[in-house]
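Worksheet: one structure, shown below.
Remember, it's 1-based here, ligands and their atoms both numbered in the order they're listed.
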Amino acid sequence: MKINIYNTLTKKKEEFKPINEGKVCLYSCGPTVYYFAHIGNLRAYLFMDNLRRVLKYNGYELKHVMNITDVGHLVSDADEGEDKMMKAARLENKNPFAIADFYAQAFLKDMGKLNIDMPEIIARATEHIECMEEYVKQIIANGYTYETDNTIYFDTSKLDKYGILSNKEVDENDTESRIDVDPNKKHPNDFAVWIKAPENHLMKWDSFWGKCYPGWHLECSAMGHKYLGEEFDIHTGGVDHITVHHENEIAQGKGFCGKNPAHYWMHIEFLQVNGGKMSKSLGNLYTIEDLKQKGYEPLVYRMFNFSSHYRKKINFTFEAMDSAKTALNRLREGYLKHLQGTDDINNEVIENYKQKFLDAINDDLNMPVAMSIVWDVIKNPNKSKKLAELILKFDEVLGFELKDYKPQVSELPQEIKNLIEKRNTARANKDWAESDRIRDELINMGYTVKDSKECTIVVKS
Ligand code: AMP
Ligand code: ZN
């Protein structure tokens, strides 16, 4: 089945052709674990999840690597400022390794809450220092670096062209405009690959150049190479990575073996809040826990993200979250109604919905259009188990875990819950008379009772 995806490298939608038939190797830039992931970061991983699910829906087997950065990411992406981990350790008065463990676990929990389909390999930078050292030694041996007193820099002037993703022109005079820039750097785009750790630096390793730590960009190149080889299919990340981090990954790939590591580069646009940036200082930075406290279960945020295409900015508002909450309830209820339905549906109708859904997701993951097909199915006046099955099939991409959805029993009064339990026992004992009696009692009390092979649903009429 043909999938078209937008490739930042060529700036156009292209037919996806994997290197090996039936299999997709991909790499996603993961989080820097110095604080809780905010919902903007999580949009990037929901996109990654969406891509995984669409590829699987099309029958591909995946080998997907995501890194967890727990060393070497300086406050700016371009080698300036303090290491983010060291800064967090200083502010929280903790060991940076403990900070990394805590926030890495918190991140994985958030992924779970959002029902993100996990990459096959999750690689932590601190567990791959030797691999990075081997990689950087090869770049050095190939003549793509130079040394200053405390840093080994990648020499971007050695490349035929630096900046092929962003079409960046090298401005040799640009150094003036940057604060903190190392005066020993030869060209503004050169970047650190191996750094001598100062005496008080806690995250450092013995290496061919003394006690050092790796440059941030190196980890993705080295781990991508370790698990996926010199060239793989798709690389993903946020749009902020286009101009520096991903240019530098490509540069390192060229320096290492003469190859751009990925055939397709996919980038997700930013989440904005009230039309602007999300930041701690503006008080508009939210985590999944913040949303839960405001009454939004994590899957509402998943639904919210389907309202926009991944290459468009999306504006976060609580009004939009309310709409997403309503939409999620409508989807669940609509699915249950079809599950209880007895109407017959023509197979042609089903195939037609299936085709339209597939066309939408294979058109560069067009989820707003895919969702419109889902709503058409939900709204179909004929209530049919076949349509419920179809929605479950679509849910392989949507990720709402509809098959496990049960209306919240806790919303029912205790008296009703007791009656349901009594009735379940009667049914288990095949005491149909008692079961029917309790059913009538529930109906008289204003509740609708629906039994199916899969479950019993009791709702207020
Ligand atoms: P970081 O932990 O800062 O390296 O960021 C993790 C991921 O989140 C990266 O892929 C960023 O591109 C992405 N990201 C950061 N802020 C946002 C945002 N507001 N909207 C969408 N993605 C974001
Ligand atoms: Zn990366």
Side-chain angles (χ1 to χ4, degrees), residues 8 26-51 64-78 81 83-85 87-88 99-100 103-104 106-108 110-111 114 116 119 122-125 128 132 135 165 191 214-228 232 234-253 261-262 265-280 282 284-287 301 304-305 308-316:
T8 309
L26 58 162
Y27 187 98
S28 295
C29 288
T32 306
V33 284
Y34 64 104
Y35 192 61
F36 293 108
H38 58 64
I39 55 172
N41 301 136
L42 292 169
R43 182 177 196 219
Y45 305 110
L46 279 167
F47 158 68
M48 178 188 91
D49 163 272
N50 195 209
L51 177 62
H64 184 184
V65 181
M66 179 184 69
N67 63 302
I68 290 192
T69 301
D70 49 7
V71 63
H73 192 173
L74 304 189
V75 167
S76 115
D77 285 356
D83 183 315
K84 286 186 181 183
M85 299 305 305
K87 186 174 175 196
I99 297 269
Y103 289 115
F107 170 73
L108 295 175
D110 281 346
M111 300 263 286
L114 287 165
I116 287 173
I122 296 182
R124 274 176 73 156
H128 292 79
M132 290 188 233
Y135 194 95
L165 264 190
F191 56 93
W216 170 47
H217 314 293
L218 190 67
E219 68 179 86
C220 293
S221 293
M223 299 196 289
H225 174 257
K226 173 178 167 131
Y227 295 108
L228 304 173
F232 49 90
I234 307 177
H235 197 309
T236 79
V239 283
D240 55 327
H241 288 339
I242 299 174
T243 52
V244 179
H245 182 49
H246 288 169
E247 293 293 11
N248 293 351
E249 274 190 51
I250 293 174
Q252 288 171 155
W265 289 80
M266 297 180 78
H267 293 97
I268 168 128
E269 250 302 349
F270 262 36
L271 172 91
Q272 295 192 318
V273 179
N274 295 323
K277 204 176 151 89
M278 185 170 49
S279 83
K280 246 189 197 175
L282 293 171
N284 63 7
L285 185 151
Y286 302 109
T287 61
Y301 185 60
F304 164 84
N305 275 278
S308 166
H309 189 265
Y310 80 87
R311 281 193 291 118
K312 291 214 174 97
K313 289 191 180 71
I314 186 168
N315 194 31
F316 180 85

Exercise for the section: Would you tell me which option among Ile39, Val273, Asn41 has the nearest heavy-atom contact to atom 13 (C) of ligand 1? Expected result: Asn41

Handout entry: Nearest to the Zn ion (ligand 2) - the N/O/S atom of His245, by atom name
Key = NE2

Practice task
Please state whether the rings of His128 and Tyr227 are parallel, tilted or perpendicular, taking 30° and 60° as the class boundaries.
Solution key: perpendicular

Practice task
Using the Zn ion (ligand 2) as the apex, give the angle to atoms SG (Cys29) and SG (Cys220), rounded to 10 degrees.
Solution key: 130°

Completion exercise
Checking heavy atoms under 4.0 Å, the part of His38 that sits near ligand 1 is side chain

Problem - From His64, His235, His246, residue fulfilling ring pair (Phe, Tyr, Trp, His ring centres under 6.0 Å) relative to Tyr27 - result: His235

Practice task
For the pair Phe191 and His217, name the ring-plane relationship: parallel under 30°, tilted 30 to 60°, perpendicular over 60°.
Solution key: perpendicular

Handout entry: Nearest candidate to atom 17 (C) of ligand 1, where distance is taken over non-hydrogen atoms, out of Phe47, Tyr45, Phe270
Key = Phe270

Fill in the blank from the handout: So for Tyr310 against ligand 1, with non-hydrogen atoms under 4.0 Å, the contacting part is neither

Fill in the blank from the handout: ligand 1 to Leu271, heavy atom cutoff 4.0 Å, flagged ligand atoms 18 (C), 19 (N), 20 (N), 21 (C)

Completion exercise
Taking only non-hydrogen atoms of His241 and a 4.0 Å limit, the atoms of ligand 1 in range are 9 (C), 10 (O), 12 (O)

Exercise for the section: Consider every N or O of Trp216 and every N or O of ligand 1, then say whether any pair is closer than 3.5 Å. Expected result: no

Exercise for the section: Using distance alone, with no hydrogens and no angle criterion, decide if Glu219 and Asn67 have a side-chain donor and acceptor under 3.5 Å apart. Expected result: yes

Practice task
Look at the rings of Phe316 and Phe304 and say which category their plane angle falls in: under 30° parallel, 30 to 60° tilted, over 60° perpendicular.
Solution key: perpendicular

Problem - Heteroatom proximity flag, Gly40 to ligand 1, N/O under 3.5 Å - result: yes

Exercise for the section: Would you tell me whether His38 and Thr287 have side-chain atoms, one donor and one acceptor, within less than 3.5 Å of each other? Expected result: no

Handout entry: Parallel, tilted or perpendicular: ring planes of His241 versus His245, cut at 30 and 60 degrees
Key = perpendicular

Exercise for the section: Would you check whether Asp240 reaches within less than 4.0 Å of ligand 1, judged by its heavy atoms? Expected result: yes

